[in-house]
Amino acid sequence: MILTSTARQKFLGQDLLWAQSKTANIPAMSQALTRTRFAPSPTGFLHLGNVRTALFNYLAARKFGGEFILRSEDTDAERSREEYLEALLADLSWLGLSWSAGPGHAGEPQQGSYRQSQRGTLYAEQFAKLEAGGHTYPCFCSPAELAVARKAQLAAGKPPRYLGTCRDLDGEARAERAASGRLATVRFKVGAGDSVRFQDLVRGSQRFQVADIGDFIIRRADGTPSFFFSNAVDDALMGITHVLRGEDHLSNTPRQILLLAALELPVPRYGHISMVVSDDGAPLSKRHGSTGLRELRSLGYLPLAICNHLARLGHVYEDPGFMSMEMLAKHFSLEKLGRSAARHDMAQLRHWQKEALHQFSEDDFVDWLLGKESPVREELSDLVPAKKAKEFALLVRDNVEISGDALHWAAQLCSEPMNFTAAAAEVLKAVDRSLIVAALELLDQHPDDFKALAAAVRQRTGQGGKNLFMPLRAALTGDTHGPEMARVYGFLGMPGARARLQQALALVGAGN
RNA sequence: GCUCCCUUCGUCUAGCGGUUCAGGACAUCGCCCUCUCAAGGCGGGAACACGGGUUCGAUUCCCGUAGGGAGCGCCA
C-alpha cells in the first residue's frame with residue numbers, strides 16, 4: 001500500500017503531536033479525554049506482568065482524570081474461557097483497579113460490547129471499508145503451505161514473510177479457488193518503499209520500514225478478526241487516547257498504524273513498557289507460581305503492597321515511601337517509565353507487604369487475618385478458639401508478614417499437645433531442670449503477671465536475662481522467637497502455661 | 001536469519017557532558033536497643049558490559065563488539 005498524501009500528512013501531524021505530548025507529559029487536550037484500557041485475552045490467569053500493564057493504564061487514566069476501560073480480547077474461541085474472564089475481573093477489582101466500562105459492566109455504551117467476540121458487526125463494517133478501499137485481498141494459502149514457505153525462508157536466511165502468493169490473483173482465479181472449497185483468510189495489503197514513524201511514549205521516535213512488513217492476515221478463515229485488526233480497531237472505536245502495553249508489541253505497532261490510517265480512524269498514542277521477568281530471569285508465563293496474581297493473593301499479599309511494588313518496576317517515584325493508590329496515581333508519570341526489562345524480586349514485594357501491614361489499624365489487621373477475605377480464615381479457626389481469635393491476631397501481629405505466617409503461631413500457641421521447633425528443643429535440652437520446676441511451682445502465685453513470675457524464678461534459680469527468658473520462651477511457646485513473653489503468657493493463661501511447662505519438662509534435662 | 005528494543009551496586013533505579021572517586025530504596029553485613037523475633041536508630045561493603053571515537057572533559061553523545069529481550073503466526 002502506498003500512503004496517500006493526505007494520510008501521510010496525518011502521520012506527520014500526529015508525529016508532531018506525539019512529540020509534543022512526550023515533552024509535555026500528555027497534553028492538556030481536553031483533560032477528560034484521556035482514555036486508557038487494559039485488554040487481556042481470557043485464556044489464563046493474570047501474572048505480574050499483565051497486572052503491571054493494567055496498573056499503569058489505570059494510574060495514567062486516574063492521574064489525568066480520565067477513564068480506564070476493560071476489554072476482553074476473546075476472539076480465539078478455542079482458548080478463551082468465561083471462567084478466566086470472571087477470574088480476571090475479580091482479581092482486578094480485588095487489586096483496587098476500578099474501570100469505568102468493561103465486560104459485564106452496567107450501562108454498556110453506545111459502541112457495543114466490551115467483548116470482542118460480540119463485536120462482529122462492527123468489525124464487518126470496517127472490513128467492508130478496507131475492502132472498498134482496495135486494501136485487502138483474500139488469501140487461499142493453507143496453514144501447511146504457509147508453514148513450509150516460512151521454513152524455507154528461514155533456512156535461506158530470509159525473514160519469514162508472506163510471499164504474496166494470493167495478492168495478485170485475478171477474479172477468475174479467486175472464484176476458482178473459492179469454488180474448490182478452499183477457505184480464504186483476508187490479508188491487508190502493505191505497500192512498499194515507505195516507512196512508518198511514530199513517537200513512542202516511552203521509547204521516543206520509532207521508524208520502521210514498510211518493506212519489512214509482509215501482508216498480514218486481518219480476518220481468519222472462520223471469519224473472526226485477528227489481533228492486529230480487532231485490537232487496533234477497537235482502540236480507535238472506543239476512543240482510547242493512550243495505549244500502554246508490553247514491549248512485545250513494539251514492532252507490531254506499524255501494522256496497526258497502517259491499518260488505522262487505511263481506515264481513517266484515529267491513532268492512539270502508544271507507549272511500550274519494558275517486560276517484567278521473574279526473579280530467576282525467566283519470562284513470566286501464565287502458570288508461573290510466584291508471579292501469578294492469584295497465588296500471591298492466596299498467600300495473603302495485600303493489593304496495595306502489590307501495587308506499590310509493581311508501580312516501581314520500570315517506573316520511578318521520587319518518594320521511596322509507601323503510597324496509597326491515590327498517591328501512586330498522582331505521582332505517576334509517563335516520563336518516569338524506564339526502558340529496560342525489570343526483574344520481579346520477591347524480597348522487594350515483601351518489603352511493601354510489611355509497609356502495607358504497617359499502615360493497618362488494629363481493626364484492619366484483625367479483619368485481614370480473620371475476616372471473610374482471609375485465605376487462612378478456616379485453618380486458623382481450626383486451631384484458635386473463636387473467643388480468643390482477636391486476641392491471638394493482635395498478639396502475633398508483629399510476627400506476621402503474610403497470612404500464612406499466622407498459621408505457624410497458631411500451631412505454636414494453640415495446639416495440644418504443643419510443638420517444639422528444633423531450636424526450642426535444643427534450648428530445653430541444655431537447660432537445668434530446676435528452672436522449669438521452679439516456674440511450675442511459682443506459677444500459682446503469679447497467674448497473670450509474667451514479669452512477677454520471671455522475677456520469682458530468677459530469685460530462686462539465680463538465672464537472669466537470656467538464660468532465664470529463653471528457656472521459658474522455649475517451654476511456653478515451643479519456639480525460640482516470637483511475640484513478647486508477657487503478652488504470650490497472658491494469652492496462654494495459667495492452666496495453659498502449666499500444661500506447657502509440664503510438656504517441656506519431658507524434654508528438659510536430657511543433659512542432666 | 002532479518003528487523004527492532006535494552007545494558008549503572010545482588011535487585012529496583014537516580015543520573016539527561018563537568019558541582020558525582022556515581023545518589024536513593026530493597027536485600028546483605030556490623031553496632032545500638034532488647035527476654036527472642038520484628039520494628040526502630042546508626043554505620044559498612046557493593047555498580048557505570050567491553051572497545052573505539054567526539055570533546056578541554058564522558059556514566060551521560062556517536063559507532064562498533066558482546067550479552068539479554070521482542071517481533072517476523074489463521075496466539076494475543
Side-chain angles (χ1 to χ4, degrees), chain A residues 39-43 73-76 78-80 116 139 141-143 146-147 150 153-162 183-187 200 203 206-209 211-214 216-228 230-231 245-255 272 274-275 277 279 281 283 309 312-321 336 338-352 354 358 396-401 423-424 427 450-451 454 464-474 477 479-486 488:
Chain A
S41 62
T43 55
E73 306 231 324
D74 54 355
T75 57
D76 184 343
E78 294 278 301
R79 300 196 301 147
S80 297
Q116 291 190 325
C139 172
C141 299
S142 71
L146 294 170
R150 241 191 318 271
Q153 285 171 309
L154 244 15
K158 299 273 186 189
R161 273 199 281 280
Y162 181 61
L183 289 175
T185 60
V186 174
R187 282 187 189 268
D200 191 273
R203 274 151 217 279
Q206 304 289 316
R207 177 184 188 160
F208 291 87
Q209 297 302 320
D212 289 339
I213 306 170
F216 54 94
I217 290 174
I218 55 173
R219 190 171 70 189
R220 304 186 189 110
D222 67 4
T224 57
S226 73
F227 166 77
F228 291 131
S230 55
N231 180 269
R245 44 159 41 163
E247 185 199 327
D248 49 343
H249 291 291
L250 181 58
S251 47
N252 286 329
T253 303
R255 287 180 171 74
H272 292 89
S274 59
M275 307 301 282
V277 295
D279 45 10
H309 175 236
R312 288 175 167 83
L313 237 45
H315 181 277
V316 204
Y317 284 100
E318 277 170 31
D319 182 353
K336 298 286 188 183
R339 285 159 294 280
S340 52
R343 197 177 283 232
H344 154 68
D345 181 4
M346 223 34 195
Q348 235 122 193
L349 209 210
R350 266 188 251 117
H351 169 252
W352 295 116
K354 285 184 206 164
H358 212 69
V396 301
R397 179 169 182 183
D398 289 337
N399 297 81
V400 167
E401 192 175 290
V427 167
F450 183 76
K451 270 192 171 170
K466 220 170 262 188
N467 292 332
L468 169 67
F469 286 96
M470 191 47 90
L472 289 178
R473 171 179 291 284
T477 71
D479 206 342
T480 53
H481 62 92
E484 213 178 305
M485 280 310 294
V488 171

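Note on naming: letters A, B, ... go to the chains in the order of the sequence lines (proteins, then strands), and numbering restarts at 1 for each one. Just so you know, these numbers come straight off a predicted model, no measurement behind them.
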Chemist: In Watson-Crick or G-U wobble terms, both distances under 3.5 Å, what is the partner of B:A70?
Modeler: B:U3
Chemist: What string of B, S and - do you get for nucleotides 35-44 of chain B 5' to 3' if you count protein non-hydrogen atoms under 4.0 Å?
Modeler: BBBSS-----
Chemist: Would you measure the distance from the P atom in B:C12 across to the matching atom in B:G57 and give it in whole Å?
Modeler: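 Nearest-Å result for B:C12 against B:G57 at atom P: 34 Å.
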Chemist: Please state the C1' separation for the pair B:C37 and B:G69 - nearest whole angstrom.
Modeler: 42 Å
Chemist: Regarding A:Lys336 and A:Glu318, does a basic nitrogen lie under 4.0 Å from an acidic carboxylate oxygen?
Modeler: yes
Chemist: Is the terminal nitrogen or CZ of A:Arg187 (NZ for Lys, CZ for Arg) located under 6.0 angstrom from the six-membered ring centre of A:Tyr162 and within 45° of that ring's axis?
Modeler: yes
Chemist: Checking side-chain polar atoms at under 3.5 Å, does A:Thr477 have a donor or acceptor matched by the opposite partner on A:Arg473?
Modeler: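 There is no such pair (donor and acceptor under 3.5 Å, judged by atom type) between the side chains of A:Thr477 and A:Arg473.
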Chemist: When every nucleotide of nucleotides 58-74 of chain B is labelled 5' to 3' by its protein contacts under 4.0 Å (heavy atoms), B for base, S for sugar-phosphate only, - for none, what sequence of letters results?
Modeler: -----------BSSBSB
Chemist: For nucleotides B:A22 and B:C9, find the distance between their P atoms and express it as a whole number of Å.
Modeler: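 Each nucleotide's P atom is 14 Å from the other's.
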Chemist: When both hydrogen-bonding distances must be under 3.5 Å and the geometry is Watson-Crick or G-U wobble, what is B:C35 paired with, if anything?
Modeler: none
Chemist: With rounding to whole Å, what would you report as the distance between B:U59 and B:G71 at their P atoms?
Modeler: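 Roughly 34 Å separates the two P atoms.
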Chemist: Calculate the interatomic distance between A:Tyr317 atom OH and B:A25 atom C1'; express it in whole Å.
Modeler: 15 Å
Chemist: Considering every strand shown, what is the Watson-Crick or G-U wobble mate of B:U65 when both distances are under 3.5 Å?
Modeler: B:A49
Chemist: Verify side-chain contact (heavy atoms from CB on, under 4.5 Å) between A:Arg203 and A:Glu247, making sure each step is shown before the conclusion.
Modeler: CA-CA 10 Å; A:Arg203 274 151 217 279; A:Glu247 185 199 327; 3.6 Å; yes
Chemist: Which residue, A:His351 or A:Gln206, contacts RNA chain B at a nucleotide closer to its 5' end, judged by nearest heavy atom?
Modeler: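 Its nearest nucleotide lies further toward 5', so the answer is A:Gln206.
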Chemist: Between A:Thr253 and A:Arg245, is any side-chain donor less than 3.5 angstrom from a side-chain acceptor?
Modeler: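 A:Arg245 and A:Thr253 do have a side-chain donor-acceptor pair below 3.5 Å.
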Chemist: Can you find a pair of side-chain heavy atoms, one from A:Leu472 and one from A:Phe450, that are under 4.5 Å apart?
Modeler: yes
Chemist: Kindly point out which of B:A27, B:C5, B:C75 is positioned nearest to the side chain of A:Ala347?
Modeler: B:A27
Chemist: Hey, what's the ring geometry for A:His344 with A:His309, parallel, tilted or perpendicular (30° and 60° as the breaks)?
Modeler: perpendicular
Chemist: Watson-Crick or G-U wobble partner for B:C75, using a 3.5 Å limit on both distances?
Modeler: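 With both distances under 3.5 Å required, B:C75 matches none.
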Chemist: Side-chain contact, heavy-atom cut-off 4.5 Å: A:Asp398 with A:Glu484?
Modeler: no
Chemist: Sticking with atom C1', work out how far B:C35 lies from B:C26, rounded to a whole angstrom.
Modeler: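 Comparing C1' positions in B:C35 and B:C26 gives a spacing of 30 Å.
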Chemist: Could you check how far CZ of A:Phe216 sits from P of B:A76, rounded to whole Å?
Modeler: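 Going from A:Phe216 (CZ) to B:A76 (P), I get 14 Å.
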Chemist: In Watson-Crick or G-U wobble terms, both distances under 3.5 Å, what is the partner of B:U19?
Modeler: none
Chemist: Write down the distance separating the C1' atoms in B:A47 and B:C32, rounded off to the nearest Å.
Modeler: 30 Å
Chemist: Expressed in angstrom and rounded to an integer, what is the separation of A:Arg339 atom CZ from B:C16 atom P?
Modeler: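 Atom-to-atom, A:Arg339 to B:C16, this comes out as 13 Å.
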Chemist: Using the P atom as the point on both nucleotides, what is the distance between B:U60 and B:G52, in whole Å?
Modeler: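 14 Å, rounded to whole Å.
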Chemist: Can you tell me, in whole Å, how much space there is between the P of B:A38 and that of B:C21?
Modeler: 36 Å
Chemist: Under a 4.5 Å cut-off applied to non-hydrogen side-chain atoms, are A:Asp248 and A:Met275 in contact?
Modeler: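 A:Asp248 vs A:Met275: side chains touch.
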Chemist: Please give, in whole Å, the distance from B:U34 P to A:Leu468 CG?
Modeler: 16 Å
Chemist: At their closest point, which heavy atom of A:Arg161 faces which heavy atom of A:Asp212, and how far apart are they?
Modeler: NH1-O, 2.6 Å
Chemist: State, with a plain yes or no, whether a side-chain heavy atom of A:Gln116 is found less than 4.5 Å away from one of A:Ser230.
Modeler: yes
Chemist: Report yes if some heavy atom in the side chain of A:Ser80 is under 4.5 Å from a heavy atom in the side chain of A:Pro42; otherwise report no.
Modeler: yes
Chemist: Are the aromatic rings of A:Phe227 and A:His249 close, with centres under 6.0 Å apart?
Modeler: yes
Chemist: Should B:C26 form a Watson-Crick or G-U wobble pair with both distances under 3.5 Å, which nucleotide is its partner?
Modeler: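 B:C26 is paired, partner B:G10.
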Chemist: What string of B, S and - do you get for nucleotides 10-15 of chain B, 5' to 3', when a contact is any protein heavy atom under 4.0 Å?
Modeler: -BSSS-
